[in-house]
Amino acid sequence: DIQMTQSPSSLSASVGDSVTITCRASQGISNSLAWYQQIPGKAPKLLLFAASRLDSGVPSRFSGSGSGTDYTLTISSLQPEDFATYHCQQYYRVPSTFGQGTRLDIK
Amino acid sequence: QVHLVQSGAEVKKPGASVKVSCETSGYMFTAYAIHWVRQAPGQRLEWMGWINGANGNTKYSQKFQDRVTITRDTSASTAYMELRSLRSEDTALYYCARLDGSGFYAHWGQGTLVTVSS
């Protein structure tokens, strides 16, 4: 199975800050990467797919980039509703696998 | 509007089985696959398996291969996930999700908490 490693596991930031979360795959995944946002007690919400494509309705302050094994999610100008846990998912190979999550807290 | 609505929370004893349903609406059930993903406390999301909405073909994670069965009822636009021989480590939130594109999930059920405890 492809292992997905996110970093950091947690971070603190303030409203208005910009943050970047990294996801590294154990082998190349050809941009077959999605990012999700999860609020406690809720299902994950798709933010981006194909590494950099925003899902419908997702604010443009969310952006993704990367290639090969290394990918990033950047949130610019953090809003109060952005404080949540973020997960990456590779869907290049079955079984699809997820990162361990990055918890974003308010500083 | 696409909706996936799951059955309610369950409490089971070790060794028992649980069957979770996922009722869909707002789209043609047979046009999409339904996947099951679980999240144990403090753990990462974990893919369990999927069912083809059109022909009922299934594929399971090797980890759950011997204990899970995913089925569907096209007349009810509903998918089911049964997990057998439950143990305490199976305590988790179980989600169904519709496969979109080539492997990501734009639509999820609300989750079903399964608690395994003696």
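- Atom NZ of Lys19(B) is separated from atom OG1 of Thr69(B) by 9.0 Å, given to the nearest 0.5 angstrom.
- Residue contact with chain B, scored on non-hydrogen atoms closer than 4.5 Å, is absent for Gln6(A).
- Heavy atoms closer than 4.5 Å to chain A are found in the side chain of Tyr95(B), but not in its backbone.
- Checking side-chain atoms of Thr78(B) against main-chain N and O of Asp73(B) turns up no donor-acceptor pair under 3.5 Å.
- Under 4.0 Å is where a charged nitrogen must lie from a carboxylate oxygen, and between Asp90(B) and Lys12(B) no such pair does.
- Chosen from His107(B), Gln43(B), Gln39(B), the residue pairing most often with chain A at heavy-atom distances under 4.5 Å is Gln39(B).
- If you measure heavy-atom distances from Gln89(A) to chain B, the contacts under 4.5 Å come from the side chain alone.
- Enclosure of atom CZ in Arg103(A) is not indicated, since only 12 or fewer non-hydrogen atoms of other residues, nucleotides or ligands lie within 6.0 angstrom.
- Lys63(B) does not touch chain A: none of its heavy atoms, backbone or side chain, sits under 4.5 Å away.
- Contact annotation for Ser102(B): both backbone and side-chain heavy atoms come within less than 4.5 Å of a heavy atom of chain A.
- At a 4.5 Å heavy-atom cutoff, Tyr92(A) makes no contact with chain B through either its backbone or its side chain.
- Note that Arg98(B) lies in the cation-pi zone of Tyr27(B), set by a 6.0 Å cut-off to the ring centre and a 45° limit from the axis.
- When heavy atoms are compared at a cutoff of 4.5 Å, Ala43(A) approaches chain B by way of both its backbone and its side chain.
- For Glu81(A), the CD atom counts as densely surrounded, since its 6.0 Å shell holds more than 12 non-hydrogen atoms of other residues, nucleotides or ligands.
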